[in-house]
Chemist: 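For reference, the structure I am asking about is given below.
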Amino acid sequence: MARLQEIGERDGWRCWLCDEPVDADRSPNDDRGPSVDSRMTDRKARKSGKGNKRGSLDRDERLAHRSCNTGKGNADAVVHWNDSLFVIDPVAIIPSVERLTNKGGREIFCRCPTRTDADDTATWLIDRIGRLEPGLDLSPDIQEGGGQYLVALRG
Ligand SMILES: [Zn+2]
């Protein structure tokens with residue numbers, strides 16, 4: 001319980017999966033109550049043997065709503081795109097962020113119909129990913145092509 005408190009305070013009582021506030025006073029047995037999601041820990045540990053070099057090992061346990069955290073280790077965590085963004089062919093956010101964290105480079109996230117949509121989407125992604133992987137420094141890379149805008153981020 002003390003550990004949950006500690007992780008909750010560090011994550012600002014915000015669910016890392018749905019990005020909504022988590023009520024610290026709710027029962028951990030409640031669907032909207034707080035829980036600790038350690039799936040990233042398991043996956044990173046499997047991949048690299050012993051955490052990663054960027055020092056984010058202590059971030060691998062994350063605060064999540066009980067209902068957002070399946071806690072079973074089988075289902076991959078999914079971060080949802082903001083419904084108000086106009087995006088075409090959005091990718092799965094977590095695997096792309098993992099590649100940026102591990103290798104850097106450039107990842108394409110989606111296409112957008114207008115430059116404004118592309119700018120809004122890049123801004124939202126950088127803000128959202130800033131809470132998923134604090135310390136990952138990203139810059140937007142938007143390219144026009146075929147009447148659409150390709151939204152990528154560079155690590
Ligand atoms: Zn949640």
Side-chain angles (χ1 to χ4, degrees), residues 1-48 50-104 107-112 116-140 142 151-155:
M1 197 60 206
R3 179 142 190 81
L4 179 63
Q5 190 73 27
E6 204 177 292
I7 291 167
E9 279 170 17
R10 187 205 57 200
D11 285 355
W13 295 104
R14 187 179 285 273
C15 173
W16 83 283
L17 290 167
C18 73
D19 212 26
E20 298 285 330
V22 179
D23 186 346
D25 296 326
R26 245 186 230 236
S27 161
N29 297 319
D30 190 311
D31 269 359
R32 296 297 284 173
S35 74
V36 173
D37 183 350
S38 58
R39 273 169 297 181
M40 292 295 268
T41 317
D42 301 340
R43 283 161 39 134
K44 282 183 181 165
R46 269 207 306 277
K47 209 174 345 181
S48 60
K50 202 171 176 78
N52 65 44
K53 295 176 196 72
R54 288 198 175 211
S56 63
L57 190 62
D58 61 331
R59 302 273 330 177
D60 291 347
E61 285 182 305
R62 309 301 296 269
L63 182 74
H65 293 110
R66 185 170 175 274
S67 59
C68 292
N69 177 10
T70 65
K72 299 283 182 280
N74 294 323
D76 279 345
V78 173
V79 168
H80 293 283
W81 285 73
N82 184 341
D83 287 341
S84 66
L85 296 169
F86 201 145
V87 298
I88 301 159
D89 296 341
V91 302
I93 292 176
I94 290 179
S96 300
V97 170
E98 283 183 348
R99 282 193 296 273
L100 283 170
T101 305
N102 293 333
K103 299 188 307 208
E107 285 286 329
I108 293 165
F109 280 80
C110 65
R111 289 178 290 126
C112 289
T116 306
D117 289 319
D119 286 337
D120 289 350
T121 300
T123 302
W124 177 80
L125 278 168
I126 287 174
D127 177 61
R128 185 70 185 87
I129 293 168
R131 288 189 296 281
L132 285 180
E133 277 294 337
L136 182 61
D137 195 16
L138 295 174
S139 56
I142 297 168
V151 178
L153 298 179
R154 283 186 185 281

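Note that ligands are numbered from 1 as they come in the structure, with each ligand's atoms numbered from 1 the same way.
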Chemist: Out of curiosity, Leu125 CG to Leu85 CG, how far, rounded to the nearest 0.5 Å?
Modeler: 7.5 Å
Chemist: Check salt bridge (Lys or Arg N to Asp or Glu O under 4.0 Å) between Asp23 and all other residues, then give those that pass, not counting sequence neighbours.
Modeler: none
Chemist: Does the side chain of Val151 reach to within under 4.5 Å of the side chain of Trp124, using non-hydrogen atoms?
Modeler: no
Chemist: List-wise, which protein N, O or S atoms are found short of 2.8 Å from the Zn ion (ligand 1)?
Modeler: Cys15 SG, Cys18 SG, His65 ND1, Cys68 SG
Chemist: Once ring pair (Phe, Tyr, Trp, His ring centres under 6.0 Å) is applied, do any residues pair with Trp13, and if so which ones, sequence neighbours excluded?
Modeler: none
Chemist: Who pairs with Asp89 by salt bridge (Lys or Arg N to Asp or Glu O under 4.0 Å), at least two apart in sequence or on another chain?
Modeler: Arg111
Chemist: Heavy-atom distance under 4.5 Å between the side chains of Trp16 and Leu132, does that happen here?
Modeler: yes
